[in-house]
Amino acid sequence: MNLQNKTIVLTGASGGIGQAMAHELANNGARLILVGRNTGKLSSLASSLSGEHLFIAADLSSDDGRKQLFDYCSSNGPINLLINNAGVSAFEMIEDQSDSDIAKLLSINLTAPILVTKRLLPLLQSSADGGVVNVGSTFGAIGYPGFSTYCASKFGLRGYSEALRRELSDSGLQVFYLAPRATNTAINSSRVANLNSELGNTVDEPIIAAKALIRQLQKNSLNCYIGWPEKFFARFNGLLPMLVDASLRKQLPVIRRLAKTHKD
Ligand SMILES: NC(=O)c1ccc[n+]([C@@H]2O[C@H](COP(=O)([O-])OP(=O)(O)OC[C@H]3O[C@@H](n4cnc5c(N)ncnc54)[C@H](OP(=O)(O)O)[C@@H]3O)[C@@H](O)[C@H]2O)c1
């Protein structure tokens with residue numbers, strides 16, 4: 001996909017990975033519709049990018065917010081690409097998560113991308129060279145203790161991406177799935193930072209995910225998993241999950257201790 005002059009809707013644009021993606025996409029000639037909930041953040045991001053860009057504040061977990069986004073895109077369309085990047089996370093053992101927090105996480109990470117895609121599809125279909133990118137996670141392929149609800153949302157998003165890709169395979173639209181590994185952004189609490197440091201996990205800067213996105217689109221690679229050994233573990237977990245069970249069982253005491261330390 002050539003990004004020059006493409007109109008791209010980027011959700012989660014005000015976040016760590018979103019901002020880095022916005023800069024890389026703008027540097028490659030795309031015209032962006034930046035989406036988040038904070039008008040001030042979106043406005044200063046738009047003015048820091050090369051080229052002219054639009055932005056809209058909308059809560060994508062609500063029907064009103066998704067309608068506002070649709071109306072805004074309709075009056076500024078057609079659009080070529082939708083990047084479903086907005087997301088939240090939770091590092092908690094399941095007994096410590098409230099029912100409402102679980103429902104909220106699933107609504108933002110899974111229901112919202114499905115419903116936003118459904119709403120914007122008619123606008124995407126009117127463009128000759130278009131598609132959808134769903135931003136998943138390594139945790140969309142490896143079930144990880146302390147992140148059960150987040151994993152459920154990202155496994156779901158990966159399944160949705162695969163099914164939608166097949167459903168749209170005669171439409172000219174492409175469906176991409178991008179899976180970052182741990183990345184240094186505000187989505188991760190200091191307890192998650194401590195977990196990564198105690199377990200020796202590599203933590204990327206957001207620019208790594210942003211550059212991976214550009215390469216993925218330019219090469220038309222439908223699935224992209226960032227980082228070794230994460231790429232390997234994702235496949236290994238699919239083939240021999242009982243070996244991954246044993247290795248994560250050894251990490252469980254550290255995971256449980258940090259998940260249960262005082263929340264930030
Ligand atoms: N960082 C990591 O370690 C990591 C690893 C793998 C995958 N990912 C995935 O990468 C994506 C981006 O995460 P990030 O690390 O950049 O997180 P982040 O810095 O916390 O940014 C999250 C973004 O999502 C937006 N958002 C959250 N709830 C929303 C809602 N209800 N409606 C509209 N927008 C909403 C936020 O907007 P506001 O400014 O309005 O809050 C913000 O722009 C997520 O899907 C995440 O799951 C992250």
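Every number for a ligand or one of its atoms is a count from 1 in the order of the listing.
- The only option from Leu178, Leu32, Asn134, Leu213 that meets the side-chain contact (heavy atoms from CB on, under 4.5 Å) definition with Ile83 turns out to be Leu213.
- Short contacts between ligand 1 and Lys41, defined as distances under 4.0 Å to a heavy atom of the residue, involve ligand atoms 39 (O).
- Atoms of ligand 1 found under 4.0 Å from any heavy atom of Ser137 (numbered from 1 in listed order, with element): 6 (C), 7 (C).
- The closest donor-acceptor contact from the side chain of Lys231 to the backbone of Tyr225 lies under 3.5 Å.
- Formation of a donor-acceptor pair under 3.5 Å by the Arg181 side chain with backbone atoms of Trp228 is found in this model.
- In this structure, a donor-acceptor pair under 3.5 Å is absent between the side chains of Ser14 and Asn38.
- If you check which protein heavy atom lies closest to atom 6 (C) of ligand 1, you get Pro180 O, 3.4 Å.
- For atom 27 (C) of ligand 1, the closest heavy atom belonging to the protein is Arg37 NH2, 3.7 Å.
- Looking only at distances, no side-chain donor or acceptor of Arg66 sits under 3.5 Å from a matching main-chain atom of Leu115.
- Look at Asp71 and Lys67 and you find a salt bridge, because one of the NZ, NE, NH1 or NH2 atoms lies within 4.0 Å of a carboxylate O, short of that distance.
- Taking each of Leu178, Thr183, Ile226 in turn, the one with a heavy atom nearest to atom 2 (C) of ligand 1 proves to be Thr183.
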### Task
Report the C-alpha separation of Leu173 and Leu121 in whole Å, then their side-chain angles, then the decisive distance to 0.1 Å, and conclude whether the side chain to side chain contact (heavy atoms under 4.5 Å, CB included) test is met.
CA-CA 10 Å; Leu173 288 175; Leu121 215 45; 3.9 Å; yes

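- For ligand 1, the polar-atom distance check finds an N/O of Ile17 within less than 3.5 Å of one of the ligand's N/O atoms.
- Using modelled atom types, no side-chain atom of Ser137 and backbone atom of Ala179 make a donor-acceptor pair closer than 3.5 Å.
- Less than 4.0 angstrom separates some heavy atom of Ala58 from each of these atoms of ligand 1: 32 (N), 33 (C).
- The proximity of Thr185 to ligand 1, defined as any non-hydrogen pair under 4.0 Å, is limited to the side chain.
- Within ligand 1, the atoms closer than 4.0 Å to a non-hydrogen atom of Asp59 are 30 (C), 31 (N), 32 (N), numbered from 1 in the order shown.
- The N/O atoms of Leu60, backbone and side chain alike, include one that comes under 3.5 Å of an N/O atom in ligand 1.
- Between Glu24 and Lys211 there is a salt bridge, with a side-chain nitrogen of the basic residue lying less than 4.0 Å from a carboxylate oxygen of the acidic one.
- Without hydrogens or angle criteria, Asn80 side chain to Thr7 main chain gives a donor-acceptor distance under 3.5 Å.
- Screening Glu162, Arg165, Arg158, Gln216 against Asn223 for a side chain to side chain donor-acceptor pair (under 3.5 Å) leaves a single residue, Arg165.
- Residue contact check for ligand 1: Lys154 places a non-hydrogen atom closer than 4.0 Å to it.
- A salt bridge does not link Asp101 with Lys104: every distance from a Lys NZ or Arg NE/NH1/NH2 to an Asp or Glu carboxylate oxygen is 4.0 Å or more.
- Those atoms of ligand 1 that come under 4.0 Å of a heavy atom in Ser14, given as number and element, are 37 (O), 38 (P), 39 (O), 42 (C), 43 (O).
- Evaluated by nearest non-hydrogen atom to atom 42 (C) of ligand 1, the leading choice among Ala179, Gly136, Gly15 is Gly15.
- Distance from atom 22 (C) of ligand 1 to its nearest protein heavy atom, with residue and atom name: Gly87 O, 3.5 Å.
- For ligand 1, the polar-atom distance check finds an N/O of Gly16 within less than 3.5 Å of one of the ligand's N/O atoms.
- Ring pair Tyr150/Phe139 is perpendicular by interplanar angle, where above 60° counts as perpendicular and below 30° as parallel.
- Atoms of ligand 1 found under 4.0 Å from any heavy atom of Ala86 (numbered from 1 in listed order, with element): 24 (O), 25 (C), 26 (N), 34 (N), 35 (C), 45 (O).
- Counting heavy atoms under 4.0 Å from ligand 1, residue Tyr150 touches it through the side chain alone.
- For ligand 1, the atoms lying closer than 4.0 Å to a non-hydrogen atom of Asn188 are 1 (N), 2 (C), 3 (O).
- Nearest to atom 44 (C) of ligand 1 among the protein's heavy atoms is Asn85 O, 3.2 Å.
- Among protein heavy atoms, atom 17 (O) of ligand 1 sits closest to Ile187 CB, 3.4 Å.
- Ring pair Phe233/Phe236 is perpendicular by interplanar angle, where above 60° counts as perpendicular and below 30° as parallel.
- Ranking the protein heavy atoms by distance from atom 23 (C) of ligand 1 puts Gly12 CA, 3.6 Å first.
- Atoms of ligand 1 lying under 4.0 Å from any heavy atom of Ala182, numbered from 1 in the order shown and given with element: 3 (O).
- Counting heavy atoms closer than 4.0 Å to ligand 1, residue Arg181 contributes backbone atoms (N, CA, C, O) but none from C-beta onward.
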